[in-house]
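Before any comments, here is the structure.
Bear in mind that the values here come from a model prediction, so they are computed numbers and not experimental data. By convention in this document, chain letters (A, B, ...) are assigned in the order of the sequence lines, proteins followed by strands, and residues within each chain are numbered from 1.
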2 protein chains.
Amino acid sequence: MQDYIKTDKGYAYEYPRAAVTTDSVIFGFDGQELLVLLIKRGGEPYKGCWAFPGGFLNMDETVEECAFRELKEETGLEPDQMEQFGVFSAVDRDPRGRVLTVSFYALIKKEQVSGGDDAADARWFPINALPPLAFDHSDMLREALAALKRDIYHKPIGFMLLDEHFTMPQLQRLYEAILGEQFDRRNFQKKMLASGVVEEQGVERAMGHRPGKLFSFVPENYDQMKEHDSRAKEF
Amino acid sequence: MQDYIKTDKGYAYEYPRAAVTTDSVIFGFDGQELLVLLIKRGGEPYKGCWAFPGGFLNMDETVEECAFRELKEETGLEPDQMEQFGVFSAVDRDPRGRVLTVSFYALIKKEQVSGGDDAADARWFPINALPPLAFDHSDMLREALAALKRDIYHKPIGFMLLDEHFTMPQLQRLYEAILGEQFDRRNFQKKMLASGVVEEQGVERAMGHRPGKLFSFVPENYDQMKEHDSRAKEF
DNA sequence: AATTATTTGTGTAAAAAATACGCAAAACTA
DNA sequence: TAGTTTTGCGTATTTTTTACACAAATAATT
(Lines give C-alpha, C1' and ligand atoms only; values in the text may rest on other atoms or scores of the structure.)
Protein backbone atom coordinates (compact mmCIF):
# COMPACT_ATOMS: atom_id res chain seq x y z
CA MET A 1 0.00 0.00 0.00
CA GLN A 2 1.82 3.06 -1.20
CA ASP A 3 0.20 6.11 -2.66
CA TYR A 4 3.09 8.54 -2.67
CA ILE A 5 6.32 9.05 -4.54
CA LYS A 6 9.48 9.58 -2.57
CA THR A 7 11.44 12.49 -4.03
CA ASP A 8 14.44 14.46 -2.83
CA LYS A 9 11.93 17.03 -1.60
CA GLY A 10 10.05 14.47 0.50
CA TYR A 11 6.84 12.57 0.00
CA ALA A 12 4.95 13.72 -3.07
CA TYR A 13 1.24 13.33 -3.77
CA GLU A 14 -0.82 14.12 -6.82
CA TYR A 15 -3.07 16.44 -4.81
CA PRO A 16 -2.21 18.58 -1.78
CA ARG A 17 -2.95 17.03 1.57
CA ALA A 18 -3.78 18.38 4.97
CA ALA A 19 -1.71 17.22 7.90
CA VAL A 20 -3.57 15.27 10.57
CA THR A 21 -2.91 15.66 14.26
CA THR A 22 -4.60 14.53 17.45
CA ASP A 23 -5.09 16.55 20.61
CA SER A 24 -6.11 15.27 24.00
CA VAL A 25 -7.98 17.12 26.70
CA ILE A 26 -6.99 15.47 29.95
CA PHE A 27 -9.25 16.03 32.91
CA GLY A 28 -8.23 15.61 36.51
CA PHE A 29 -9.83 16.25 39.87
CA ASP A 30 -8.36 17.58 43.09
CA GLY A 31 -11.31 16.70 45.28
CA GLN A 32 -12.88 20.07 44.75
CA GLU A 33 -12.38 21.38 41.24
CA LEU A 34 -12.13 19.92 37.78
CA LEU A 35 -8.64 20.31 36.35
CA VAL A 36 -7.12 20.24 32.88
CA LEU A 37 -3.62 19.19 31.97
CA LEU A 38 -1.80 21.63 29.71
CA ILE A 39 1.60 21.72 28.12
CA LYS A 40 3.64 24.83 27.62
CA ARG A 41 4.66 25.12 24.01
CA GLY A 42 8.41 25.30 23.56
CA GLY A 43 8.43 26.21 19.88
CA GLU A 44 6.56 28.28 17.38
CA PRO A 45 3.79 28.81 16.69
CA TYR A 46 2.22 30.00 19.94
CA LYS A 47 5.55 29.65 21.74
CA GLY A 48 5.03 30.02 25.47
CA CYS A 49 1.29 29.49 25.19
CA TRP A 50 -0.37 26.53 26.81
CA ALA A 51 -1.92 23.80 24.73
CA PHE A 52 -3.31 20.30 24.94
CA PRO A 53 -0.89 17.46 24.41
CA GLY A 54 -0.98 16.08 20.89
CA GLY A 55 0.90 15.70 17.67
CA PHE A 56 1.07 14.42 14.15
CA LEU A 57 -0.42 11.17 12.95
CA ASN A 58 2.01 8.48 11.88
CA MET A 59 1.23 6.35 8.86
CA ASP A 60 1.08 3.12 10.78
CA GLU A 61 -1.37 4.08 13.51
CA THR A 62 -5.02 4.98 13.94
CA VAL A 63 -6.00 8.31 15.38
CA GLU A 64 -6.72 6.58 18.68
CA GLU A 65 -3.24 5.12 18.74
CA CYS A 66 -1.77 8.45 17.82
CA ALA A 67 -3.56 10.25 20.63
CA PHE A 68 -2.39 7.62 23.10
CA ARG A 69 1.20 7.67 21.89
CA GLU A 70 1.50 11.44 21.87
CA LEU A 71 0.01 11.68 25.31
CA LYS A 72 2.44 9.15 26.66
CA GLU A 73 5.39 10.85 25.00
CA GLU A 74 4.51 14.24 26.33
CA THR A 75 3.20 13.44 29.77
CA GLY A 76 3.94 9.81 30.55
CA LEU A 77 0.24 9.16 30.97
CA GLU A 78 -1.49 6.03 29.69
CA PRO A 79 -5.21 6.42 30.26
CA ASP A 80 -7.49 3.40 30.17
CA GLN A 81 -9.89 5.03 27.82
CA MET A 82 -9.87 7.97 25.45
CA GLU A 83 -13.06 9.35 23.98
CA GLN A 84 -13.09 10.98 20.59
CA PHE A 85 -15.30 14.03 20.56
CA GLY A 86 -14.71 15.99 17.39
CA VAL A 87 -12.65 17.11 14.45
CA PHE A 88 -11.43 20.66 14.12
CA SER A 89 -10.66 21.67 10.59
CA ALA A 90 -10.91 25.43 10.12
CA VAL A 91 -8.67 26.26 7.18
CA ASP A 92 -6.58 28.78 9.09
CA ARG A 93 -6.48 27.15 12.49
CA ASP A 94 -2.76 26.49 12.34
CA PRO A 95 -0.35 29.10 10.95
CA ARG A 96 2.03 26.36 9.80
CA GLY A 97 -0.32 25.17 7.12
CA ARG A 98 -3.38 23.06 6.64
CA VAL A 99 -3.66 21.04 9.82
CA LEU A 100 -6.71 19.14 10.86
CA THR A 101 -7.00 17.72 14.35
CA VAL A 102 -8.99 14.87 15.83
CA SER A 103 -9.72 15.55 19.48
CA PHE A 104 -10.01 13.20 22.41
CA TYR A 105 -10.59 13.55 26.06
CA ALA A 106 -9.58 11.29 28.90
CA LEU A 107 -9.90 11.21 32.66
CA ILE A 108 -6.89 10.69 34.85
CA LYS A 109 -6.24 10.23 38.52
CA LYS A 110 -4.17 13.25 39.33
CA GLU A 111 -1.45 11.35 41.15
CA GLN A 112 -0.56 9.40 38.01
CA VAL A 113 0.87 12.44 36.36
CA SER A 114 2.76 14.04 39.23
CA GLY A 115 4.67 10.76 39.42
CA GLY A 116 5.84 10.11 35.89
CA ASP A 117 5.93 13.69 34.78
CA ASP A 118 8.89 13.91 32.46
CA ALA A 119 7.55 16.98 30.75
CA ALA A 120 8.41 19.69 33.22
CA ASP A 121 6.18 21.93 31.14
CA ALA A 122 3.02 20.00 31.90
CA ARG A 123 0.75 21.50 34.54
CA TRP A 124 -2.73 21.10 35.91
CA PHE A 125 -5.01 24.11 35.75
CA PRO A 126 -8.40 24.52 37.35
CA ILE A 127 -10.98 24.56 34.63
CA ASN A 128 -12.11 28.00 35.68
CA ALA A 129 -8.69 29.59 35.77
CA LEU A 130 -6.99 28.73 32.52
CA PRO A 131 -4.14 30.58 30.86
CA PRO A 132 -4.54 31.68 27.24
CA LEU A 133 -4.58 28.63 25.02
CA ALA A 134 -2.89 28.07 21.67
CA PHE A 135 -4.67 27.47 18.36
CA ASP A 136 -8.39 26.83 18.68
CA HIS A 137 -7.90 24.98 21.94
CA SER A 138 -10.39 27.16 23.79
CA ASP A 139 -13.15 25.96 21.49
CA MET A 140 -11.82 22.48 21.87
CA LEU A 141 -12.03 22.62 25.64
CA ARG A 142 -15.60 23.84 25.46
CA GLU A 143 -16.56 20.89 23.29
CA ALA A 144 -14.61 18.44 25.42
CA LEU A 145 -16.45 19.61 28.48
CA ALA A 146 -19.78 19.34 26.71
CA ALA A 147 -18.91 15.80 25.64
CA LEU A 148 -17.85 14.91 29.16
CA LYS A 149 -21.09 16.23 30.61
CA ARG A 150 -23.02 14.26 28.03
CA ASP A 151 -21.07 11.06 28.58
CA ILE A 152 -21.02 11.05 32.33
CA TYR A 153 -24.64 9.93 32.29
CA HIS A 154 -24.02 7.01 30.01
CA LYS A 155 -20.47 5.91 30.63
CA PRO A 156 -18.81 5.06 33.93
CA ILE A 157 -16.00 7.46 33.22
CA GLY A 158 -16.37 9.55 36.33
CA PHE A 159 -14.83 6.86 38.44
CA MET A 160 -11.57 7.16 36.57
CA LEU A 161 -10.97 10.42 38.36
CA LEU A 162 -11.18 8.91 41.83
CA ASP A 163 -9.12 6.48 43.84
CA GLU A 164 -10.29 2.92 43.97
CA HIS A 165 -12.08 3.62 47.21
CA PHE A 166 -13.98 6.81 47.71
CA THR A 167 -16.70 8.20 49.91
CA MET A 168 -20.08 9.23 48.66
CA PRO A 169 -19.41 12.91 49.32
CA GLN A 170 -16.22 12.67 47.27
CA LEU A 171 -18.10 11.13 44.40
CA GLN A 172 -20.75 13.77 44.66
CA ARG A 173 -18.23 16.61 44.62
CA LEU A 174 -16.81 15.15 41.42
CA TYR A 175 -20.18 15.04 39.74
CA GLU A 176 -20.90 18.56 40.89
CA ALA A 177 -17.59 19.78 39.54
CA ILE A 178 -18.19 18.20 36.16
CA LEU A 179 -21.80 19.17 35.78
CA GLY A 180 -21.47 22.54 37.42
CA GLU A 181 -24.46 22.19 39.68
CA GLN A 182 -25.30 21.15 43.20
CA PHE A 183 -27.25 18.13 44.31
CA ASP A 184 -28.99 16.99 47.43
CA ARG A 185 -26.70 14.67 49.36
CA ARG A 186 -29.35 12.20 50.28
CA ASN A 187 -30.94 11.94 46.88
CA PHE A 188 -27.58 11.70 45.18
CA GLN A 189 -26.61 8.74 47.30
CA LYS A 190 -29.97 7.13 46.83
CA LYS A 191 -29.67 7.24 43.04
CA MET A 192 -26.08 6.12 43.00
CA LEU A 193 -26.84 3.09 45.10
CA ALA A 194 -29.99 2.33 43.16
CA SER A 195 -28.03 2.31 39.90
CA GLY A 196 -25.83 -0.41 41.32
CA VAL A 197 -22.56 0.99 40.03
CA VAL A 198 -21.04 1.35 43.48
CA GLU A 199 -20.72 -1.03 46.37
CA GLU A 200 -19.74 -0.51 49.98
CA GLN A 201 -16.15 -1.27 50.86
CA GLY A 202 -15.52 -0.15 54.43
CA VAL A 203 -15.05 3.08 56.29
CA GLU A 204 -12.59 5.86 55.74
CA ARG A 205 -10.16 7.03 58.36
CA ALA A 206 -11.56 10.39 59.05
CA MET A 207 -10.05 13.72 59.81
CA GLY A 208 -11.96 16.22 61.84
CA HIS A 209 -15.40 14.88 61.19
CA ARG A 210 -17.50 11.79 61.03
CA PRO A 211 -15.84 9.25 58.74
CA GLY A 212 -17.65 8.33 55.56
CA LYS A 213 -18.29 4.88 54.22
CA LEU A 214 -16.01 3.87 51.43
CA PHE A 215 -17.36 2.68 48.11
CA SER A 216 -15.86 1.22 45.02
CA PHE A 217 -16.98 0.94 41.46
CA VAL A 218 -18.68 -2.26 40.24
CA PRO A 219 -17.43 -2.84 36.70
CA GLU A 220 -20.04 -5.50 35.96
CA ASN A 221 -22.71 -2.85 36.09
CA TYR A 222 -21.30 -0.68 33.32
CA ASP A 223 -23.83 -1.81 30.78
CA GLN A 224 -26.65 -1.65 33.24
CA MET A 225 -25.79 1.98 33.85
CA LYS A 226 -25.85 2.61 30.15
CA GLU A 227 -29.24 1.00 29.94
CA HIS A 228 -30.47 2.72 33.04
CA ASP A 229 -29.95 6.16 31.73
CA SER A 230 -30.28 5.87 28.03
CA ARG A 231 -33.36 7.97 28.60
CA ALA A 232 -37.01 7.23 29.26
CA LYS A 233 -38.14 3.70 28.61
CA GLU A 234 -41.09 4.76 26.57
CA PHE A 235 -40.76 7.83 24.44
CA MET B 1 0.17 29.60 4.22
CA GLN B 2 2.04 26.95 2.31
CA ASP B 3 3.65 23.92 3.81
CA TYR B 4 4.41 21.93 0.70
CA ILE B 5 6.78 22.07 -2.23
CA LYS B 6 5.40 21.74 -5.71
CA THR B 7 7.47 19.31 -7.74
CA ASP B 8 6.99 17.67 -11.08
CA LYS B 9 5.77 14.66 -9.16
CA GLY B 10 3.09 16.67 -7.32
CA TYR B 11 2.88 18.15 -3.85
CA ALA B 12 5.76 17.12 -1.65
CA TYR B 13 5.87 17.06 2.15
CA GLU B 14 8.66 16.37 4.57
CA TYR B 15 6.69 13.55 6.17
CA PRO B 16 4.15 11.22 4.60
CA ARG B 17 0.54 12.25 4.98
CA ALA B 18 -2.74 10.41 5.11
CA ALA B 19 -5.46 11.49 2.74
CA VAL B 20 -8.61 12.87 4.35
CA THR B 21 -12.08 12.15 3.07
CA THR B 22 -15.60 12.67 4.34
CA ASP B 23 -18.50 10.26 4.09
CA SER B 24 -22.15 10.99 4.69
CA VAL B 25 -24.81 8.62 5.90
CA ILE B 26 -28.07 10.02 4.58
CA PHE B 27 -31.21 8.84 6.30
CA GLY B 28 -34.66 8.98 4.75
CA PHE B 29 -38.10 7.79 5.76
CA ASP B 30 -40.89 6.31 3.67
CA GLY B 31 -43.54 6.55 6.34
CA GLN B 32 -42.80 3.11 7.59
CA GLU B 33 -39.14 2.26 7.47
CA LEU B 34 -35.89 4.09 7.93
CA LEU B 35 -33.95 4.32 4.66
CA VAL B 36 -30.35 4.97 3.74
CA LEU B 37 -29.08 6.56 0.56
CA LEU B 38 -26.30 4.64 -1.14
CA ILE B 39 -24.23 5.19 -4.25
CA LYS B 40 -23.01 2.44 -6.51
CA ARG B 41 -19.30 2.72 -6.96
CA GLY B 42 -18.30 3.08 -10.61
CA GLY B 43 -14.57 2.58 -10.15
CA GLU B 44 -12.11 0.62 -8.12
CA PRO B 45 -11.78 -0.18 -5.34
CA TYR B 46 -15.02 -1.93 -4.47
CA LYS B 47 -16.35 -1.37 -7.98
CA GLY B 48 -20.03 -2.24 -8.12
CA CYS B 49 -20.38 -2.17 -4.36
CA TRP B 50 -22.59 0.34 -2.65
CA ALA B 51 -21.15 3.08 -0.48
CA PHE B 52 -21.99 6.32 1.24
CA PRO B 53 -21.51 9.49 -0.75
CA GLY B 54 -18.24 11.24 0.06
CA GLY B 55 -14.86 12.22 -1.24
CA PHE B 56 -11.56 13.91 -0.68
CA LEU B 57 -11.03 17.05 1.34
CA ASN B 58 -9.99 20.15 -0.56
CA MET B 59 -7.44 22.48 0.95
CA ASP B 60 -9.77 25.44 1.15
CA GLU B 61 -12.65 23.84 3.00
CA THR B 62 -13.49 22.43 6.40
CA VAL B 63 -14.60 18.84 6.75
CA GLU B 64 -18.18 20.08 7.13
CA GLU B 65 -17.93 21.96 3.86
CA CYS B 66 -16.37 18.99 2.20
CA ALA B 67 -19.14 16.65 3.29
CA PHE B 68 -21.74 19.10 2.06
CA ARG B 69 -20.03 19.68 -1.27
CA GLU B 70 -19.47 16.01 -2.00
CA LEU B 71 -23.02 15.18 -1.11
CA LYS B 72 -24.32 17.85 -3.43
CA GLU B 73 -22.06 16.77 -6.26
CA GLU B 74 -23.03 13.14 -5.98
CA THR B 75 -26.71 13.37 -5.15
CA GLY B 76 -27.85 16.97 -5.59
CA LEU B 77 -28.87 17.07 -1.96
CA GLU B 78 -28.28 20.06 0.29
CA PRO B 79 -29.32 19.12 3.82
CA ASP B 80 -29.94 21.81 6.40
CA GLN B 81 -27.78 20.15 8.94
CA MET B 82 -25.06 17.53 8.98
CA GLU B 83 -23.89 15.92 12.18
CA GLN B 84 -20.36 14.68 12.56
CA PHE B 85 -20.24 11.40 14.41
CA GLY B 86 -16.79 9.93 14.10
CA VAL B 87 -13.46 9.41 12.43
CA PHE B 88 -12.49 6.11 10.87
CA SER B 89 -8.78 5.63 10.58
CA ALA B 90 -7.87 1.96 10.46
CA VAL B 91 -4.57 1.77 8.65
CA ASP B 92 -5.79 -0.64 6.00
CA ARG B 93 -9.34 0.58 5.56
CA ASP B 94 -8.74 1.76 1.98
CA PRO B 95 -6.68 -0.34 -0.43
CA ARG B 96 -5.58 2.78 -2.28
CA GLY B 97 -3.45 3.93 0.61
CA ARG B 98 -3.71 5.64 3.93
CA VAL B 99 -7.12 7.27 3.91
CA LEU B 100 -8.85 8.60 6.96
CA THR B 101 -12.48 9.57 6.83
CA VAL B 102 -14.59 11.94 8.87
CA SER B 103 -18.18 10.76 8.92
CA PHE B 104 -21.40 12.70 9.00
CA TYR B 105 -25.02 11.87 8.95
CA ALA B 106 -27.96 13.91 7.76
CA LEU B 107 -31.71 13.53 7.50
CA ILE B 108 -33.49 14.18 4.24
CA LYS B 109 -37.06 14.32 3.09
CA LYS B 110 -37.15 11.53 0.59
CA GLU B 111 -38.81 13.57 -2.17
CA GLN B 112 -35.87 15.95 -2.32
CA VAL B 113 -33.63 13.33 -3.79
CA SER B 114 -35.91 11.73 -6.34
CA GLY B 115 -36.16 15.22 -7.88
CA GLY B 116 -32.58 16.37 -8.37
CA ASP B 117 -31.08 12.96 -8.70
CA ASP B 118 -28.34 13.34 -11.26
CA ALA B 119 -26.52 10.31 -9.96
CA ALA B 120 -28.51 7.51 -11.51
CA ASP B 121 -26.53 5.22 -9.25
CA ALA B 122 -27.98 6.64 -6.05
CA ARG B 123 -30.68 4.57 -4.42
CA TRP B 124 -32.57 4.36 -1.16
CA PHE B 125 -32.35 1.11 0.78
CA PRO B 126 -34.34 0.08 3.82
CA ILE B 127 -32.03 0.02 6.77
CA ASN B 128 -32.79 -3.64 7.33
CA ALA B 129 -32.18 -4.76 3.77
CA LEU B 130 -28.85 -3.33 2.71
CA PRO B 131 -26.59 -4.62 -0.02
CA PRO B 132 -22.93 -5.33 0.82
CA LEU B 133 -21.16 -2.07 1.54
CA ALA B 134 -17.71 -0.92 0.47
CA PHE B 135 -14.79 -0.17 2.81
CA ASP B 136 -15.73 -0.07 6.49
CA HIS B 137 -19.09 1.43 5.69
CA SER B 138 -20.98 -1.24 7.60
CA ASP B 139 -19.29 -0.16 10.81
CA MET B 140 -19.92 3.38 9.82
CA LEU B 141 -23.62 2.79 9.43
CA ARG B 142 -23.79 1.15 12.83
CA GLU B 143 -22.20 4.16 14.44
CA ALA B 144 -24.32 6.60 12.47
CA LEU B 145 -27.43 4.87 13.66
CA ALA B 146 -26.19 4.91 17.23
CA ALA B 147 -25.49 8.62 16.94
CA LEU B 148 -28.90 9.24 15.45
CA LYS B 149 -30.60 7.38 18.27
CA ARG B 150 -28.62 9.35 20.78
CA ASP B 151 -29.29 12.70 19.12
CA ILE B 152 -32.97 12.29 18.49
CA TYR B 153 -33.57 12.93 22.17
CA HIS B 154 -31.62 16.14 22.26
CA LYS B 155 -31.86 17.62 18.81
CA PRO B 156 -34.96 18.32 16.75
CA ILE B 157 -33.56 16.41 13.84
CA GLY B 158 -36.40 13.96 13.48
CA PHE B 159 -38.60 16.56 11.94
CA MET B 160 -36.29 16.86 8.99
CA LEU B 161 -37.56 13.55 7.77
CA LEU B 162 -41.19 14.66 7.64
CA ASP B 163 -43.21 17.10 5.60
CA GLU B 164 -43.93 20.46 7.12
CA HIS B 165 -47.27 19.18 8.33
CA PHE B 166 -47.62 15.72 9.77
CA THR B 167 -49.96 13.74 11.92
CA MET B 168 -49.06 12.41 15.30
CA PRO B 169 -49.15 8.79 14.12
CA GLN B 170 -46.72 9.69 11.32
CA LEU B 171 -44.35 11.28 13.78
CA GLN B 172 -44.64 8.29 16.04
CA ARG B 173 -43.89 5.83 13.25
CA LEU B 174 -40.75 7.81 12.51
CA TYR B 175 -39.57 7.65 16.10
CA GLU B 176 -40.35 3.98 16.22
CA ALA B 177 -38.41 3.34 13.04
CA ILE B 178 -35.38 5.20 14.33
CA LEU B 179 -35.39 3.81 17.83
CA GLY B 180 -36.53 0.37 16.84
CA GLU B 181 -39.19 0.06 19.49
CA GLN B 182 -42.91 0.61 19.85
CA PHE B 183 -44.65 3.19 21.97
CA ASP B 184 -48.11 3.71 23.33
CA ARG B 185 -49.97 6.12 21.06
CA ARG B 186 -51.54 8.11 23.85
CA ASN B 187 -48.43 8.50 25.94
CA PHE B 188 -46.35 9.39 22.91
CA GLN B 189 -48.68 12.21 21.98
CA LYS B 190 -48.87 13.40 25.56
CA LYS B 191 -45.10 13.74 25.82
CA MET B 192 -44.71 15.32 22.41
CA LEU B 193 -47.26 17.97 23.19
CA ALA B 194 -45.87 18.52 26.67
CA SER B 195 -42.41 19.15 25.23
CA GLY B 196 -43.84 21.99 23.19
CA VAL B 197 -41.97 21.15 20.02
CA VAL B 198 -45.10 20.62 17.95
CA GLU B 199 -48.20 22.71 17.48
CA GLU B 200 -51.54 21.91 15.93
CA GLN B 201 -52.04 23.04 12.36
CA GLY B 202 -55.32 21.62 11.07
CA VAL B 203 -56.66 18.31 9.94
CA GLU B 204 -55.40 15.96 7.28
CA ARG B 205 -57.45 14.85 4.34
CA ALA B 206 -57.94 11.29 5.22
CA MET B 207 -58.05 8.13 3.22
CA GLY B 208 -60.00 5.22 4.46
CA HIS B 209 -59.97 6.12 8.10
CA ARG B 210 -60.53 8.87 10.56
CA PRO B 211 -58.36 11.86 9.61
CA GLY B 212 -55.64 12.87 12.00
CA LYS B 213 -54.85 16.33 13.26
CA LEU B 214 -51.91 17.95 11.55
CA PHE B 215 -49.00 19.29 13.51
CA SER B 216 -45.94 21.28 12.66
CA PHE B 217 -42.63 21.78 14.34
CA VAL B 218 -42.06 24.86 16.53
CA PRO B 219 -38.48 25.94 15.89
CA GLU B 220 -38.41 28.32 18.86
CA ASN B 221 -38.58 25.37 21.19
CA TYR B 222 -35.40 23.69 19.97
CA ASP B 223 -33.41 24.80 22.96
CA GLN B 224 -36.19 24.02 25.33
CA MET B 225 -36.20 20.47 24.00
CA LYS B 226 -32.49 20.26 24.55
CA GLU B 227 -32.94 21.49 28.09
CA HIS B 228 -35.95 19.33 28.66
CA ASP B 229 -34.15 16.16 27.98
CA SER B 230 -30.60 16.79 28.97
CA ARG B 231 -31.38 14.35 31.71
CA ALA B 232 -32.75 14.50 35.23
CA LYS B 233 -32.79 17.84 36.95
CA GLU B 234 -31.03 16.53 39.98
CA PHE B 235 -28.48 13.84 39.61
C1' DA C 1 -78.71 3.98 3.88
C1' DA C 2 -76.73 0.90 6.90
C1' DT C 3 -72.77 -2.02 8.05
C1' DT C 4 -67.94 -3.01 8.41
C1' DA C 5 -63.00 -2.19 8.70
C1' DT C 6 -59.46 0.85 9.76
C1' DT C 7 -57.36 4.41 12.13
C1' DT C 8 -57.50 8.28 15.02
C1' DG C 9 -58.78 11.11 19.37
C1' DT C 10 -59.19 11.47 24.22
C1' DG C 11 -59.00 10.76 29.78
C1' DT C 12 -58.10 8.59 34.16
C1' DA C 13 -56.18 5.62 37.67
C1' DA C 14 -52.11 3.15 39.38
C1' DA C 15 -47.16 2.75 39.76
C1' DA C 16 -42.66 4.54 39.82
C1' DA C 17 -39.35 8.15 40.21
C1' DA C 18 -37.82 12.48 41.74
C1' DT C 19 -37.69 15.83 45.12
C1' DA C 20 -37.73 18.24 49.56
C1' DC C 21 -36.62 18.02 54.02
C1' DG C 22 -34.82 17.04 59.52
C1' DC C 23 -32.60 14.88 62.95
C1' DA C 24 -29.16 11.76 64.99
C1' DA C 25 -24.31 9.98 65.04
C1' DA C 26 -19.18 10.07 64.60
C1' DA C 27 -14.95 12.25 64.70
C1' DC C 28 -12.06 16.26 65.94
C1' DT C 29 -11.21 20.71 68.58
C1' DA C 30 -11.25 23.67 72.33
C1' DT D 1 -18.01 18.08 78.03
C1' DA D 2 -19.66 21.27 74.86
C1' DG D 3 -19.13 22.95 70.17
C1' DT D 4 -18.25 22.26 65.21
C1' DT D 5 -18.20 19.86 61.13
C1' DT D 6 -19.50 16.32 58.19
C1' DT D 7 -21.71 12.10 57.44
C1' DG D 8 -25.72 8.56 57.69
C1' DC D 9 -30.33 7.53 57.21
C1' DG D 10 -35.81 7.73 56.37
C1' DT D 11 -40.30 9.58 55.10
C1' DA D 12 -43.89 12.50 53.06
C1' DT D 13 -45.02 15.09 48.83
C1' DT D 14 -44.92 16.01 44.15
C1' DT D 15 -44.09 14.87 39.51
C1' DT D 16 -43.52 11.73 35.84
C1' DT D 17 -44.37 7.55 33.69
C1' DT D 18 -47.04 3.91 32.50
C1' DA D 19 -51.10 1.06 31.56
C1' DC D 20 -55.34 0.79 29.66
C1' DA D 21 -60.65 1.18 26.84
C1' DC D 22 -64.11 3.22 24.41
C1' DA D 23 -65.99 6.66 21.11
C1' DA D 24 -65.61 9.13 16.61
C1' DA D 25 -64.36 9.95 11.63
C1' DT D 26 -63.58 8.40 7.11
C1' DA D 27 -63.83 5.04 2.99
C1' DA D 28 -65.33 0.78 1.14
C1' DT D 29 -68.93 -2.69 0.97
C1' DT D 30 -73.50 -4.42 0.86
*Decide yes or no on ring-ring contact (aromatic ring centres under 6.0 Å, His included) for A:F104 and A:F68, but give the supporting numbers first.*
CA-CA 9 Å; A:F104 295 80; A:F68 191 83; over 10 Å; no
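We find that CE of B:M192 is positioned 16 Å from P of C:dT10, with the value rounded to whole Å. The distance between atom CZ of A:R173 and atom C1' of D:dT6, rounded to the nearest whole Å, is 9 Å. Remark: C1' of C:dT10 and CZ of B:F215 are 12 Å apart, rounded to the nearest angstrom. Distance CG (A:L193) to C1' (D:dC9): 11 Å, rounded to an integer number of Å. The CZ atom of A:F188 sits 12 Å away from the P atom of D:dG8 (whole-angstrom rounding). The separation between B:K191 atom NZ and C:dA17 atom P is 13 Å, rounded to whole Å. For B:D184 and D:dT16, the CG to C1' distance is 15 Å, given to the nearest whole Å. Remark: P of C:dT19 and CZ of A:F183 are 10 Å apart, rounded to the nearest angstrom.
Taking the six-membered ring where tryptophan is involved, the planes of A:H137 and A:F135 are tilted, since the angle between them lies from 30° to 60°.
Listed by first and then second residue, the salt bridge (charged side-chain N to carboxylate O under 4.0 Å, His left out) pairs involving residues 125-148 of chain B are B:R93-B:D136, B:D139-B:R142 (not counting sequence neighbours). For residues 24-42 of chain B, no residue pair satisfies the side-chain hydrogen bond (donor to acceptor under 3.5 Å, both in side chains) rule, not counting sequence neighbours.
Contact check, B:K213 against C:dT10: a side-chain N or O comes under 4.0 Å of OP1 or OP2. In this structure, A:K190 does not reach the D:dG8 phosphate: none of its side-chain N or O atoms is under 4.0 Å from OP1 or OP2.
Among the nucleotides C:dA20, D:dC20, D:dG8, the one closest to any side-chain atom of A:Q189 is D:dG8.
Remark: B:K190 engages B:N187 in a side chain to side chain contact (heavy atoms under 4.5 Å, CB included) (not counting sequence neighbours). Remark: A:R185 engages no residue in a salt bridge (charged side-chain N to carboxylate O under 4.0 Å, His left out) (not counting sequence neighbours). Annotation: side chain to side chain contact (heavy atoms under 4.5 Å, CB included) contacts of A:H209 (sequence neighbours excluded): A:E204.
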Do any N or O atoms of the protein come closer than 3.5 Å to N or O atoms of nucleotides 23-30 of chain C, and which pairs are they?
unit_1, atom_1, unit_2, atom_2, d
C:dA25, N3, A:R210, NH1, 3.1
C:dA26, N3, A:R210, N, 3.4

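Mapping A:N187 and B:M168 onto DNA chain C via the closest heavy atom, the residue that lands nearer the 5' end is B:M168.
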